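Right, one structure below, let's go through it.
For reference, positions follow the sequence shown, starting with 1. On a predicted model such as this, the values are computed, not experimentally measured, just so you know.
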Amino acid sequence: MRIAFIYLFYGWCFLLSICQAQQKEEKWSAESVTLFTTLQSLSMLDARQTFHMEEYRSYYDDLEPITYAHEANPLIGKNPTKDRVVMVKVLSGALTYYGLNKMKEKNRKKALIGFNVFYFIVVLHNASLGLRI
């Protein structure tokens, strides 16, 4: 579990470094960089909550199965592995950055605000189900 979290952390740092390096060339505003950093942080929290759900299932599923919590991301699948979660998060973060980098600053901010609201709702929903961060 710690290895997957470390890979996720390094992927997140890599994306941040790309964002910082591209900021000078592509003229990302400081607000957009902050919004992108927040988006990747929320994505990392969502991954951690997925790990917690699977840890709970591996220990307690025989005693009390969780029927109310399941992975909804079709790319990760119904029975997510840590490696798959990390790879999907890193690749989706890179593709998101690539797409955002092609946008004008005004549209980039709007898209980032929308993404952040979506991920914030996902993380809050997961927390309401009892999944730790």
Side-chain angles (χ1 to χ4, degrees):
M1 188 215 56
R2 290 179 189 222
I3 292 174
F5 189 72
I6 290 170
Y7 284 133
L8 186 63
F9 177 73
Y10 283 134
W12 179 74
C13 290
F14 174 72
L15 291 174
L16 287 178
S17 66
I18 289 173
C19 186
Q20 290 296 332
Q22 291 291 328
Q23 182 182 4
K24 295 173 186 166
E25 293 178 14
E26 299 297 328
K27 295 190 173 55
W28 281 55
S29 69
E31 184 179 4
S32 289
V33 172
T34 302
L35 287 169
F36 185 75
T37 304
T38 305
L39 175 65
Q40 294 309 309
S41 299
L42 288 169
S43 179
M44 191 165 63
L45 291 174
D46 179 45
R48 179 62 189 114
Q49 289 172 327
T50 302
F51 297 160
H52 179 248
M53 178 180 60
E54 289 307 307
E55 288 169 15
Y56 183 88
R57 281 203 168 114
S58 68
Y59 291 120
Y60 299 110
D61 217 19
D62 293 334
L63 300 172
E64 181 184 347
I66 313 178
T67 57
Y68 57 86
H70 62 279
E71 182 57 47
N73 187 339
L75 297 174
I76 294 175
K78 293 186 185 220
N79 296 317
T81 62
K82 291 178 182 175
D83 294 338
R84 187 172 182 99
V85 172
V86 169
M87 289 309 299
V88 167
K89 293 294 183 178
V90 169
L91 290 175
S92 65
L95 289 173
T96 301
Y97 174 76
Y98 178 77
L100 290 169
N101 203 30
K102 299 287 183 182
M103 293 181 174
K104 293 180 180 178
E105 180 60 25
K106 179 180 168 184
N107 296 333
R108 183 183 303 132
K109 278 187 202 174
K110 289 179 184 177
L112 282 166
I113 289 169
F115 288 149
N116 277 302
V117 167
F118 172 75
Y119 255 113
F120 187 70
I121 291 170
V122 167
V123 170
L124 282 179
H125 176 268
N126 291 345
S128 74
L129 296 176
L131 299 174
R132 295 186 315 227
I133 294 177

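With hydrogens and angles disregarded, a donor-acceptor distance shorter than 3.5 Å links the side chain of Asn116 to the backbone of Leu35. Checking side-chain atoms of Ser43 against main-chain N and O of Leu39 turns up no donor-acceptor pair under 3.5 Å.
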Evaluate the criterion side-chain contact (heavy atoms from CB on, under 4.5 Å) for residue pair Phe115 and Leu42; output intermediate values, then yes/no.
CA-CA 10 Å; Phe115 288 149; Leu42 288 169; over 6 Å; no
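A salt bridge links Glu31 with Lys109: the closest approach of a Lys/Arg side-chain nitrogen to an acidic carboxylate oxygen falls below 4.0 angstrom.
In the hydrophobic clustering of this structure, Phe36 groups with Val33; members are Ile, Leu, Val, Met, Phe, Trp, Tyr whose side-chain heavy atoms approach within less than 4.5 Å, directly or through other members. With hydrophobic clusters built from ILVMFWY side chains whose heavy atoms lie under 4.5 angstrom apart, Tyr119 shares a cluster with Leu124. Follow the hydrophobic side-chain contacts under 4.5 Å out from Phe118 and you never reach Leu91; the two are in separate clusters.
Taking 4.5 Å as the limit, some side-chain heavy atom of Phe51 sits within range of a side-chain heavy atom of Val86. Between Glu105 and Arg108, some side-chain heavy-atom pair lies under the 4.5 Å cut-off.
Rounded to the nearest 0.5 Å, atoms CD1 (Ile121) and CG (Asn126) are 12.0 Å apart. Taking CZ of Phe120 as the start and NE2 of His125 as the end, the distance is 14.0 Å to the nearest 0.5 Å.
The two atoms that bring Ala127 and Gln49 nearest to each other are N-NE2, 3.6 Å, heavy atoms only. Taking all atoms of both residues into account, the shortest heavy-atom contact from Leu112 to Ser32 is CD1-O, 3.5 Å.
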